[in-house]
Amino acid sequence: MICYEIYAGHSVSILMKTGEKEMVISIKEKGAMGDGETINTEIIQGCIDLCYASGGGTVLVEGGVYVTGTLYMKSNVRLEIDQSAVLLASPDISHYGTDTHYNRYRNEHNIDRCWIYAEEQENFSIGGRGMLDGNAEKFPNEGSIYRPMMLRFLRCRNIRIDEIRLYHAAAWTTAFLDSSYIWVTNVEIKNSQNYNGDGLDFDGCAHVFVRGCSITGTDDNLCLQAGNSQYPTEHVHISDCEFTSLCAGIRIGLKSIGDIRNVTITNCTMRNIWREGIKIECSEGGSISDIAVSNIAMRNVRRPLFVLLNNRFRPDDYGSSIELSQMPEIGKMERLLFCGITIYDEDEMKNTHYRFGNDIMGSPRFNGIRLDAEENHKIKDVVIRDLFYVAVGGVKQEEIPADYPCVLDMKQHEDKKVSENYYPDFSRTACMDIRNVDNLHISGVTFKVKQPDERPIYLMEGCGDGKWEIKND
C-alpha cells in the first residue's frame with residue numbers, strides 16, 4: 001500500500017509493508033533532491049517526525065547525494081542510508097542548530113554544534129551500506145569558529161549504528177553522552193582532515209558494544225570517559241576492531257570525574273599510531289578499575305601501553321572537563337590486566353612523526369610502555385602477561401635529560417612542572433618504565449631492541465610487591 005503525506009510543498013511516499021507495522025518512508029523523487037547541492041533538511045526531518053508520530057519506522061535515503069543541516073533523531077526511527085546514497089553535511093554553519101547540547105571539554109566551544117542529534121530518545125538506529133559525509137574541508141566557515149560534530153546523543157537508550165561509513169567529520173565523529181545500551185557494529189570511520197579527529201567517544205555510558213569497526217583519525221580513535229559522577233562508564237565491550245591514528249588508538253579517561261569500570265578490549269589490531277595504543281588516565285578524581293585488555297597486535301605504535309594516575313585541572317587550557325571546578329583529589333586505579341599483546345616496530349619508527357606538519361607526536365626517544373603514579377597514590381593490582389615487544393631503539397644516553405620528573409599531587413604543587421601525558425617528551429628506557437604500582441605481576445614478557453640503545457631496557461621503581469619475569473632477547 002502506498003499513501004502520501006504533503007508538507008513543505010513536497011509529496012513523500014509512505015510504503016507500508018504488507019502484514020507488518022513498520023513504516024518505510026522513501027524520500028527519493030518525493031521531495032528531497034539528491035543533487036549534492038539542494039538543502040534537504042526540512043524534508044528529511046519531516047520524514048523522521050512522521051515516522052515517530054506513526055509509532056516508528058524507517059526513513060530511506062537512496063540514489064544520490066543529499067545535503068542537510070542538523071537532523072534530530074526520534075524514538076523508534078531508523079535512518080537508512082542505502083549503498084547508493086550519501087548524506088552530506090551542509091557546508092553552511094548557519095544550517096546547524098544551537099540546541100544540540102555542547103562539547104564537554106573546557107575552552108572547546110568551537111565544536112559545540114552537531115549534525116545529527118538526539119536527546120532522551122530510545123530505540124533508534126542509523127545504518128545502511130551508504131555514507132555520512134561530514135564535509136570537513138568546508139569548516140570552519142569564514143567569520144565563524146564552529147565545526148560541527150557528526151553525531152551526538154544525550155541521555156538516550158537502545159542506540160544502534162551499523163554497517164555504515166562515517167567519513168570526514170568536521171570535528172569528533174561521535175559523542176555518546178549519559179546513554180545506555182549502545183551497539184556500534186561493522187562501521188568504518190575516517191576522520192583525518194582536522195584536529196579533534198576522534199572516532200567513537202562514550203562519556204557516562206553503560207552497556208556498550210563495539211564490534212568489527214575500522215577507525216582512522218587524527219585524535220583518539222575510541223575514547224571512554226566519565227564527565228559526570230552520576231553516570232559511570234561501565235560494562236563496555238570492544239572487540240574485533242582495527243585502529244590507526246596520528247594520536248591514540250584507545251583512550252580511557254583523562255575525563256574522569258566519575259568512574260570507568262568493567263571494560264574488555266580484545267582481538268584488535270593497531271597500526272601506525274604515533275602516540276599511545278592503549279592509554280588509561282585517571283586525572284579528575286574518579287576511579288578506573290577492572291580493565292581487561294587481551295589479544296592485541298600492534299605495529300608501529302609509539303607508546304603501546306600508557307597508564308597514569310594523577311590529578312589535573314587546567315581552567316585556561318585544554319583537556320579538563322567543563323563540569324570540573326577545581327583541582328580534584330587523586331582518584332583510584334586498580335585491577336588492570338594486559339595479556340596476549342604483540343608489539344613490533346618497523347623502520348618507520350626511526351622517524352619523528354608530526355600531526356599536520358608542526359605538531360610533534362613522537363620520536364624514537366619518546367617510546368615504550370609506561371605506568372606511573374604519585375608515590376602516595378599508587379596504581380594497584382596490575383598483571384602484564386604474555387607480551388612480546390620488538391622496539392626500534394637507537395637512542396643515545398646523551399639525548400635523554402638527566403632529570404626525569406615525578407608525578408606529583410597538584411593540590412600541593414600547583415606551579416610545578418610534573419610528569420604527565422605530554423611531558424616529559426622523552427623516555428628513560430628502551431621498552432618499559434613502571435613506577436609506583438602496588439601488587440605488580442609480570443610474566444612471559446620478552447623485549448627485543450632492533451638497534452643499539454644506551455638506555456636501560458626496563459625500569460621498575462616503587463613497586464615493592466608482586467613478581468616479575470622478563471626476558472631480553
Side-chain angles (χ1 to χ4, degrees), residues 12-17 20-36 38 40-41 43-52 54 56-90 114-118 121-136 148-153 156 158-169 173-176 181-191 199-200 209-216 240-242:
V12 178
S13 64
I14 305 169
L15 309 180
M16 299 295 294
K17 295 182 178 179
E20 298 182 11
K21 294 182 179 179
E22 180 183 326
M23 171 183 288
V24 178
I25 302 180
S26 175
I27 67 169
K28 184 182 179 183
E29 297 176 0
K30 302 299 181 179
M33 301 295 292
D35 57 10
T38 303
N40 297 287
T41 310
I43 293 294
I44 298 175
Q45 187 64 56
C47 293
I48 293 171
D49 294 346
L50 181 58
C51 270
Y52 170 69
S54 302
T58 296
V59 174
L60 178 61
V61 180
E62 59 181 341
V65 178
Y66 297 87
V67 182
T68 79
T70 296
L71 297 173
Y72 300 83
M73 290 298 295
K74 299 293 179 66
S75 294
N76 306 314
V77 175
R78 176 172 176 80
L79 182 61
E80 176 84 14
I81 315 299
D82 182 77
Q83 62 188 4
S84 64
V86 174
L87 197 64
L88 179 64
S90 167
C114 179
W115 182 21
I116 300 178
Y117 180 70
Q121 305 297 312
E122 62 181 7
N123 306 325
F124 64 89
S125 65
I126 300 174
R129 299 293 180 88
M131 180 193 300
L132 297 183
D133 187 331
N135 217 352
M149 289 188 187
M150 183 173 282
L151 310 179
R152 183 184 293 136
F153 305 134
C156 294
N158 290 337
I159 308 166
R160 293 180 184 268
I161 312 295
D162 61 87
E163 298 281 349
I164 195 166
R165 290 170 289 161
L166 307 179
Y167 281 14
H168 315 312
T173 308
T174 68
F176 298 87
Y181 293 97
I182 303 165
W183 286 263
V184 182
T185 56
N186 302 327
V187 170
E188 183 185 13
I189 296 174
K190 290 186 177 180
N191 191 350
L200 299 173
F209 303 85
V210 178
R211 185 180 67 248
C213 296
S214 174
I215 307 176
T216 301
D240 306 292
C241 295
E242 61 178 17

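Listed by chain and residue number, N123 satisfy the side-chain contact (heavy atoms from CB on, under 4.5 Å) test with N76 (two or more places apart in sequence, or in another chain). The side chain to side chain donor-acceptor pair (under 3.5 Å) test applied to K190 returns no partner, not counting sequence neighbours. Annotation: side chain to side chain donor-acceptor pair (under 3.5 Å) contacts of E188 (sequence neighbours excluded): Y167. Checked against side-chain contact (heavy atoms from CB on, under 4.5 Å), C114 has the following partners two or more places apart in sequence or in another chain: T100, Y117, R152. Listed by chain and residue number, nothing satisfies the salt bridge (charged side-chain N to carboxylate O under 4.0 Å, His left out) test with R211 (two or more places apart in sequence, or in another chain). For S90, the side chain to side chain donor-acceptor pair (under 3.5 Å) test picks out H95, with sequence neighbours left out. With sequence neighbours excluded, the residues that form a side-chain contact (heavy atoms from CB on, under 4.5 Å) with Q83 are R129. Looking at residues two or more places apart in sequence or on another chain, you find a salt bridge (charged side-chain N to carboxylate O under 4.0 Å, His left out) between E80 and R78. Qualifying side chain to side chain donor-acceptor pair (under 3.5 Å) partners for T174, counting only residues two or more places apart in sequence or in other chains: none.
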**Asked** Do L79 and L87 pass the side chain to side chain contact (heavy atoms under 4.5 Å, CB included) test, and can you show the C-alpha distance, the side-chain angles, and the key distance before you say yes or no?
**Response** CA-CA 10 Å; L79 182 61; L87 197 64; 4.1 Å; yes
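Between I48 and M73, the closest side-chain pair of non-hydrogen atoms falls below 4.5 Å. Residues V67 and T38 fail the side-chain proximity criterion, which asks for heavy atoms closer than 4.5 Å.
Taking CH2 of W115 as the reference point, atom OG1 of T70 lies at 10.0 Å (rounded to 0.5 Å).
Sorted by first and then second residue, the pairs that involve residues 57-74 and meet salt bridge (charged side-chain N to carboxylate O under 4.0 Å, His left out), not counting sequence neighbours, are D49-K74.
By the 30° and 60° cut-offs, the orientation of the rings of F153 relative to F124 is perpendicular.
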